[in-house]
Structures are given as structure tokens and as C-alpha cells.
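Each remark here refers to the structure printed beneath this line.
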Amino acid sequence: MKPLPYHISEPPARLKKARLDNIALVPASLLPLKETYMSLANTYPTGSVLCIQGTQRQQKIMAKVTSFFRDHGRSVITMPIEKISGTMKKAARPAAENLKLAF
């Protein structure tokens, strides 16, 4: 079996000493609004976790993640996606039409 072409070494000392201020868990659809939720997350105390829930499936996942962080002593703030992105934009559906057949 060939060895991997990667060389894994110890991270730099500065990186080892770095501590995260806050954590923001958001759906990928909010990545363009990063400045908005990061500025909101930075207003909370150091070590807190901001969770923004999106779809029903994401809400189930976030519930498990938030309970994990709470069990490990973090303060967790959850909010709906509408609070960050304004209102959820749904695709406009065309109005129903009655068409006459040509035969």
C-alpha cells in the first residue's frame, strides 16, 4: 500500500493558541448575507452560538446541535431564517389558464 502524498504536521503555535469568539451555524443559502449574521453573532457574549434555522429538516438537525452545545456549557441563540433574510422569497407561480383545444 502506497503512503499518502500528504504530509500532516503540527499546526503553528499561533493557531494552537487561537480561540473562537462566537460560532454561527447558518444554512448555505445565507452565505451571501455573511456580514449580517456575523455582526449579529458578534453582539452576543464571547463563546455563544448563533443558530439560524431554515427548512423543517434543518430545524431537526439544529435542535440536536443546539442541545449538544447547551450540554457543553455554551449559550445558544436560535432564530428563524426570516429574521436575517427579511421575508422568504417564494418563486412566483403562474396563474392558472383555461386553454381551448384546437381540434
Side-chain angles (χ1 to χ4, degrees):
M1 186 167 185
K2 290 183 180 180
L4 294 175
Y6 308 110
H7 177 70
I8 299 175
S9 63
E10 288 291 317
R14 285 188 179 183
L15 188 59
K16 284 183 180 180
K17 292 179 184 177
R19 298 290 174 234
L20 297 175
D21 292 337
N22 295 327
I23 300 171
L25 299 172
V26 298
S29 61
L30 287 182
L31 287 178
L33 301 173
K34 183 177 179 180
E35 292 178 10
T36 306
Y37 63 78
M38 287 306 294
S39 63
L40 181 64
N42 289 333
T43 62
Y44 294 120
T46 302
S48 63
V49 180
L50 174 65
C51 293
I52 300 174
Q53 301 171 343
T55 63
Q56 199 70 15
R57 182 170 185 238
Q58 291 169 349
Q59 289 175 4
K60 289 179 183 177
I61 295 168
M62 285 292 186
K64 290 181 181 180
V65 172
T66 55
S67 66
F68 172 82
F69 278 119
R70 283 191 180 116
D71 291 344
H72 286 81
R74 298 271 186 154
S75 66
V76 179
I77 298 99
T78 59
M79 60 180 54
I81 195 169
E82 292 87 10
K83 192 110 177 187
I84 299 295
S85 65
T87 57
M88 294 274 301
K89 296 177 184 174
K90 293 184 179 179
R93 295 178 71 179
E97 296 180 25
N98 290 329
L99 301 174
K100 293 184 181 179
L101 299 176
F103 53 89

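- Scanning for side chain to side chain contact (heavy atoms under 4.5 Å, CB included) contacts around M38 gives A24, K34, with sequence neighbours left out.
- The closest side-chain heavy-atom distance from I23 to F69 is below 4.5 Å.
- For L50 against Y37, the heavy-atom pair with the smallest separation is CD2-O, 3.7 Å.
- Rounding to the nearest 0.5 Å places CD of E10 at 11.0 Å from CG of L15.
- Within the structure, every pair that satisfies the side-chain hydrogen bond (donor to acceptor under 3.5 Å, both in side chains) test and touches residues 48-63, not counting sequence neighbours, is listed here: N22-S48.
- If you take CD1 on I52 and CG on L30, they are separated by 6.0 Å, rounding to the nearest 0.5 Å.
- The backbone N or O of S75 lies less than 3.5 Å from no partner atom in the side chain of R70, so there is not a single donor-acceptor pair.
- Summarising the geometry of T66 relative to V76, their closest heavy-atom pair is CG2-CG1, 3.5 Å, with the distance given to 0.1 Å.
- Contact annotation: the side chain of T78 never approaches that of M62 to less than 4.5 Å [non-hydrogen atoms, C-beta and beyond].
- Residues I77 and C51 have side chains not in contact (no heavy-atom distance under 4.5 Å, counting atoms from C-beta outward).
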